[in-house]
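Below, chains carry the letters A, B, ... as their sequence lines are ordered, and counting in each starts from 1.
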Amino acid sequence: MVTIKDIADRAGVSFSTVSKALRDSPLVQNKTKQHILSIAKEMGYQPNLAARSLVSRKSGAIGVVWPSIERAALSSLITKINEQLEKKGYITLLSISHLESAIEIFRRYQVDAILVFGDRDSISSFSSISPLQIPILTYGAAGYTPFSTVDVNRGQAVRLAVRHLARLGHKDIAYIGEPQTQDPLQTVKIEAFRDEIVQLGLQARDNAVLQMNGLEFHDGYLAARAMLEQTPRPTAVISGGIDLTRGILRAIGEHGLSVPHDVSVVSYDNLPQMEDIGVPMTVVGVAIATITAHITTAILELIDQPESLKTVYLEPELVVRASTSHLNND
DNA sequence: TACGCATGGGAACAGAGCCG
DNA sequence: CGGCTCTGTTCCCATGCGTA
């Protein structure tokens, strides 16, 4: 490997001068600088990050723990976060391992901060993390972790959805998004759903919330099929997430029904791709760009002040598109 | 303006001291 | 004397302060 020493030998200067020249220091004459730069380029020099972080005590890397790789909503989050951190000179290391082993690996790489996406599995293991020197930011796990957190007011999002449908005249509303295994992130939404139904004096049916195995396409599909068999059939449905929504739309289509004429659909997850997933979706949630901006800011702050502890709660919005309409009385 | 030198964490190595 | 553990040293490379 080419090091600054090799460049120094070739250029006939000391390696500290090469270091300064490569970092565009004003302490090196422009002529010398250009000479050194051209030699570095010619020799194909790449700075050794390990050595650099040895001195600076910063690795310039941020570890992201992302255990549920199959969820579409999270994948657009991570893409954007990576983009924004890159602009700030950081690289992101992604781990899809379990929380404990992911953190251990990141410690060895000496990342400057760790971002953890909370999900059912990671939430339960937060308590077992031994205190460490690396700052940790969690997303989607407010109230479950001793760390700084950026989170979304999920309950409020679902309330917005219920109110929107109620305003359109719907009284019989279903909710698809209750996995069999206890998932705190989903439970919050479901509780808000039930509560808002009662608050608005709508029909509170026992089977309004549909059970399912998981939160993926097929789960939404099966739950929607079950819902469409109910009599009377709900006139509107709220979906717990984008993957479920895709399955729900499929089931409705196969049933020979149309959205929103026969069934209005509001989906959780305020993602750009929601503008058209067969139907332009009415959605509730915090826009991805807003979430990622807050996460990025919070991480950078945490690197500057590792001791600080901060919880940011983001308020969701309702974006009305073509998947919801007034109740038909025909 | 350019150079000398200390610095950082950890792997690899050298040497000392011990045991059977 | 071979084999072992334990301690101490050197090296990796880029950075940046102090100095010539």
Side-chain angles (χ1 to χ4, degrees), chain A residues 1-67 78 81-117 122 125-138 145-148 295-310:
Chain A
M1 277 305 286
V2 182
T3 71
I4 55 172
K5 255 183 186 160
D6 302 321
I7 300 171
D9 288 344
R10 180 88 77 89
V13 296
S14 78
F15 65 86
S16 55
T17 303
V18 174
S19 172
K20 289 186 182 70
L22 292 173
R23 300 183 69 75
D24 201 20
S25 158
L27 299 175
V28 180
Q29 221 170 25
N30 215 338
K31 200 176 113 197
T32 318
K33 207 181 279 178
Q34 292 310 319
H35 183 52
I36 290 171
L37 286 177
S38 71
I39 289 176
K41 191 173 178 187
E42 186 190 321
M43 297 177 82
Y45 170 78
Q46 291 291 338
N48 184 322
L49 293 183
R52 179 177 285 174
S53 58
L54 198 57
V55 176
S56 64
R57 291 161 157 261
K58 288 253 184 287
S59 64
I62 289 168
V64 179
V65 188
W66 182 38
I78 187 66
I81 289 170
N82 178 60
E83 221 168 78
Q84 290 169 1
L85 287 175
E86 206 167 38
K87 273 186 201 147
K88 300 284 180 182
Y90 287 91
I91 59 153
T92 47
L93 303 179
L94 188 63
S95 173
I96 57 173
S97 302
H98 283 293
L99 186 62
E100 290 96 335
S101 49
I103 287 183
E104 194 183 318
I105 291 163
F106 286 149
R107 280 172 87 160
R108 294 182 186 176
Y109 277 100
Q110 314 215 34
V111 297
D112 296 335
I114 298 177
L115 168 65
V116 180
F117 282 99
S122 60
S125 41
F126 272 128
S127 49
S128 61
I129 298 175
S130 54
L132 67 173
Q133 314 77 324
I134 305 171
I136 293 187
L137 178 74
T138 57
T145 85
F147 307 108
S148 288
I295 289 178
T296 307
T297 311
I299 286 186
L300 298 177
E301 269 180 33
L302 213 51
I303 291 174
D304 273 347
Q305 305 161 36
E307 301 303 321
S308 68
L309 191 64
K310 213 160 108 181

Distance check: side-chain N/O of [X] vs OP1/OP2 of [N], anything under 4.0 Å?
X	N	answer
A:Thr17	B:dC3	yes
A:Tyr109	B:dG9	no
A:Gln29	B:dA2	yes
A:Ser53	B:dG8	no
A:Arg23	C:dG16	yes
A:Ser14	B:dC3	yes
A:Ser19	C:dT15	yes

Between [atom2] of [N] and [atom1] of [X], the distance in whole Å:
X	N	atom1	atom2	answer
A:His35	B:dA2	NE2	P	12 Å
A:Leu22	C:dT15	CG	P	8 Å
A:Tyr45	C:dC13	OH	P	10 Å
A:Lys5	C:dC12	NZ	P	6 Å
A:Gln46	C:dC13	CD	P	15 Å
A:Lys33	B:dA2	NZ	C1'	13 Å
A:Ile36	B:dA2	CD1	P	8 Å
A:Asp9	B:dA2	CG	C1'	16 Å

> Within the structure shown, what part of the strands sits under 4.0 Å from A:Ser16 by heavy-atom distance: base, sugar-phosphate, or nothing?
Replying inline: base
> Just checking A:Val18: base, sugar-phosphate only, or nothing, at a heavy-atom cut-off of under 4.0 Å?
Replying inline: nothing
From [options], pick the nucleotide closest to the side chain of [X]?
X	options	value
A:Arg52	B:dC3, C:dT15, B:dG8	C:dT15
A:Lys20	B:dG8, B:dA2, B:dC3	B:dC3
A:Gln110	C:dC13, B:dA2, B:dG9	B:dG9

> Side chain of A:Lys33, backbone of A:Pro26: donor and acceptor closer than 3.5 Å?
Replying inline: no
> So, A:Asp112 side chain and A:Ile62 main chain: donor-acceptor pair closer than 3.5 Å or not?
Replying inline: no
>> Set out, in order, the CA-CA distance, both residues' side-chain angles and the distance that settles salt bridge (charged side-chain N to carboxylate O under 4.0 Å, His left out) for A:Glu83 and A:Lys87, then state yes or no.
In response: CA-CA 7 Å; A:Glu83 221 168 78; A:Lys87 273 186 201 147; 5.2 Å; no
> Which sits closer to the 5' end of DNA chain B, A:Thr32 or A:Ala50, going by the nucleotide each is nearest to?
Replying inline: A:Thr32
> What heavy-atom pair brings A:Lys310 and A:Ser148 nearest, and what distance separates the two atoms?
Replying inline: N-OG, 2.9 Å
> Less than 4.5 Å apart, any side-chain heavy atom of A:Lys58 and any of A:Ile303?
Replying inline: yes
> When rounded to the nearest 0.5 angstrom, what distance separates CZ in A:Phe147 from CD1 in A:Ile114?
Replying inline: 9.0 Å
